[in-house]
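What follows is a set of notes on a single structure, which appears directly below.
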Amino acid sequence: MKVFNCVCEFGHQFEGWFDSVESLDEQIAQGLVTCPYCETTNVKRVPTASYVLASRDKEKTQYTERELEAEVRSRVYSAARKLLQGSENVGERFAQEARAVHQGKAPMRTIHGRCTLNEAEELLDEGINVLPLPDGVVHENN
């Protein structure tokens, strides 16, 4: 099996595992390859860089559960911090401000802050998308 990079008509990038480039191209032509984000079958193969395992990486291919957990945590925090870039910290007013933005009563912008679990569930029930972030992601300067 080989890993190939694909992109859909909406720009979503994803990987697929196929026997060969010919197999991938054939499946794309038949509309069998689906974007995992939007489910469109209008996808194409994009150039893929070869993956070569460096000799220094060969030494350690097994990770302890603690090491793997730390790596996942690090990546989640990094991704969450990228999401926060350019967002406004509205603090404890998060639920009220999220409603105001959703209803058009406040300017459209990306915000973050704090709310209770019940407030988050109410926002979701109202069709307002929220994403809980783990403690330690938000700093005072975010």
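The first residue in the sequence is number 1, and the count goes up from there.
Here the side chains of P132 and L117 are not in contact, with every heavy-atom distance at 4.5 Å or above. Using a 4.5 Å cut-off on side-chain heavy atoms (C-beta onward), V72 and V76 make contact. Side-chain contact between E121 and N118 is present, with at least one heavy-atom pair separated by less than 4.5 Å. E88 places none of its side-chain heavy atoms less than 4.5 Å from the side chain of T110. Using a 4.5 Å heavy-atom threshold, the side chains of N5 and R45 count as separate.
Separation of atoms CZ (F4) and OG (S20) is listed at 6.5 Å; rounding is to 0.5 Å. Here CD of E39 is found 12.0 Å from CZ of F10. Values are rounded to the nearest 0.5 Å. In this structure, the separation between SG on C35 and CD on Q13 is 10.5 Å, given to the nearest 0.5 Å.
No donor-acceptor pair closer than 3.5 Å links the side chain of S78 to the backbone N or O of R75. Although no hydrogens or angles enter the test, the distance criterion places a donor-acceptor pair under 3.5 Å between the side chain of E119 and the main chain of T116.
The side-chain hydrogen bond (donor to acceptor under 3.5 Å, both in side chains) search around E9 returns T40, N42, not counting sequence neighbours. With sequence neighbours left out, T41 forms a side-chain hydrogen bond (donor to acceptor under 3.5 Å, both in side chains) with no residue at all.
With a 6.0 Å radius and a threshold of 12 heavy atoms from other residues, nucleotides or ligands, R114 has its CZ atom at or below the threshold. Counting non-hydrogen atoms of other residues, nucleotides and ligands closer than 6.0 Å to CD of E65 gives a total of 12 or fewer. More than 12 non-hydrogen atoms from other residues, nucleotides or ligands lie less than 6.0 angstrom from CD of Q96. Residue Q103 qualifies as enclosed at atom CD: its count of foreign heavy atoms under 6.0 Å is above 12.
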Show your reasoning for whether side-chain contact (heavy atoms from CB on, under 4.5 Å) applies to V43 and I28. CA-CA 7 Å; V43 300; I28 288 174; 4.0 Å; yes

Between C6 and K44, does a side-chain contact (heavy atoms from CB on, under 4.5 Å) hold up when you go through it step by step? CA-CA 6 Å; C6 298; K44 64 181 180 179; over 6 Å; no

Passes side-chain contact (heavy atoms from CB on, under 4.5 Å), V3 versus F18? Steps please. CA-CA 6 Å; V3 180; F18 298 89; over 6 Å; no

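Taking hydrophobic clusters as Ile, Leu, Val, Met, Phe, Trp and Tyr residues chained together by side-chain heavy-atom distances below 4.5 Å, L84 shares a cluster with L131. Tracing side-chain contacts under 4.5 Å through hydrophobic residues (I, L, V, M, F, W, Y), one reaches I111 starting from V130; they form part of the same cluster. Cluster membership check: F94 does not share its hydrophobic cluster with L83, using side-chain heavy-atom separations under 4.5 Å among Ile, Leu, Val, Met, Phe, Trp and Tyr.
In plain terms, the two heavy atoms of L123 and A95 that are nearest each other are CD2-O, 3.8 Å.
A salt bridge does not link D19 to K2: none of the charged nitrogens lies less than 4.0 Å from a carboxylate oxygen.
Taking the six-membered ring where the residue is Trp, F14 and Y37 present perpendicular rings, their angle passing 60° and hence far from 30°.
With E97 as the partner, the side chain to side chain donor-acceptor pair (under 3.5 Å) test is satisfied by one option alone out of H112, K105, R109, H102: R109.
When hydrophobic residues (I, L, V, M, F, W, Y) are linked wherever their side-chain heavy atoms come within less than 4.5 Å, L32 remains an isolated member.
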